[in-house]
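Written out below as structure tokens is the structure these notes cover.
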Amino acid sequence: MTDIVIAQTTIDDEGQAKELARGAVESKLAAGAHIDAPFTAVYWWKSEIETAKEWRISYMTTADRLPELEAWVSERHSYEVPQWVTLAVTGGSDAYLSWVVEETTKR
């Protein structure tokens, strides 16, 4: 079975979150994407503590497609240093994991 991962980024604009989610799915870089409800982020940026409203995008993809997805998101993201973290999927239903592989396979 192909390794499945969840890749996440955050962004401060709901419209951009939807564009990043939809574009990655349309490009077959992710089988699907979830956009979480807005939350408050508190973080250091350029020696200052910042507070922002952000949306988290979680992409369901394969380890094979991950480098292309990361490059694609990076090119389109508005942040100077976008959050990019990946989580290994260590289990799940065979049907769902197979669907992720099928939908991210280049055709």
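Bear in mind that the values here come from a model prediction, so they are computed numbers and not experimental data.
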Self-check item: Shared hydrophobic cluster for Val100 and Val89 (ILVMFWY, side-chain gaps under 4.5 Å)
Solution: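 The answer is yes; both residues are in one hydrophobic cluster.
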Heavy atoms, side chains only, cut-off 4.5 Å: are [X] and [Y] in contact?
| X | Y | result |
| --- | --- | --- |
| Thr86 | Leu66 | yes |
| Gln8 | Trp84 | no |
| Tyr59 | Val73 | yes |
| Ile49 | Val42 | yes |

Practice problem: Please lay out, stage by stage, how Ile4 and Val101 fare under the test side chain to side chain contact (heavy atoms under 4.5 Å, CB included). | Solution: CA-CA 8 Å; Ile4 306 298; Val101 171; 3.7 Å; yes
Quiz prompt | Reference residue Lys18; test side-chain contact (heavy atoms from CB on, under 4.5 Å); the match among Glu14, Gln16, Arg22 | solution =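 The single option meeting the side-chain contact (heavy atoms from CB on, under 4.5 Å) with Lys18 is Glu14.
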Exercise. Going by the side-chain contact (heavy atoms from CB on, under 4.5 Å) test, name the single residue among Thr10, Leu20, Ile35 that passes it with Trp55.
Key: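 It is Ile35; the other options fail the test.
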Interatomic spacing from [atom1] in [X] to [atom2] in [Y] - rounded to 0.5 Å:
| X | Y | atom1 | atom2 | value |
| --- | --- | --- | --- | --- |
| Leu97 | Glu102 | CG | CD | 13.0 Å |
| Leu69 | Ser27 | CG | OG | 9.5 Å |
| Asp64 | Thr105 | CG | OG1 | 9.0 Å |

Quiz item: Would Lys28 and Glu103 count as a salt bridge (Lys or Arg N to Asp or Glu O under 4.0 Å) if you check the C-alpha gap in whole Å, the side-chain angles of each, and the deciding distance to 0.1 Å?
Solution: CA-CA 6 Å; Lys28 294 289 201 177; Glu103 294 304 324; 2.8 Å; yes
Quick check against the 3.5 Å criterion: does [X] have a side-chain atom that pairs as donor or acceptor with the backbone of [Y]?
| X | Y | answer |
| --- | --- | --- |
| Ser98 | Asp94 | yes |
| Thr104 | Ala31 | no |
| Tyr79 | Asp12 | yes |

Provide the closest heavy-atom pair for [X] versus [Y] in the form atom of the first, atom of the second, distance.
| X | Y | value |
| --- | --- | --- |
| Ser78 | Ile11 | OG-CD1, 3.8 Å |
| Gly32 | Trp99 | N-CH2, 4.2 Å |
| Ala33 | Ile57 | CB-CG2, 4.2 Å |
| Val5 | Ala88 | CG1-CA, 4.4 Å |

Quiz item: What ring-ring contact (aromatic ring centres under 6.0 Å, His included) pairs are there with at least one residue in residues 5-44, not counting sequence neighbours?
Solution: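 Applying ring-ring contact (aromatic ring centres under 6.0 Å, His included) to every pair that reaches into residues 5-44, excluding sequence neighbours, yields nothing.
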Quiz item: Do Gln83 and Thr9 have side-chain N/O donor and acceptor atoms under 3.5 Å apart?
Solution: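 There is no such pair (donor and acceptor under 3.5 Å, judged by atom type) between the side chains of Gln83 and Thr9.
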Practice problem: Go through Lys46 and Glu80 one step at a time and tell me if the salt bridge (Lys or Arg N to Asp or Glu O under 4.0 Å) criterion holds. | Solution: CA-CA 11 Å; Lys46 298 188 177 181; Glu80 185 177 333; 3.3 Å; yes
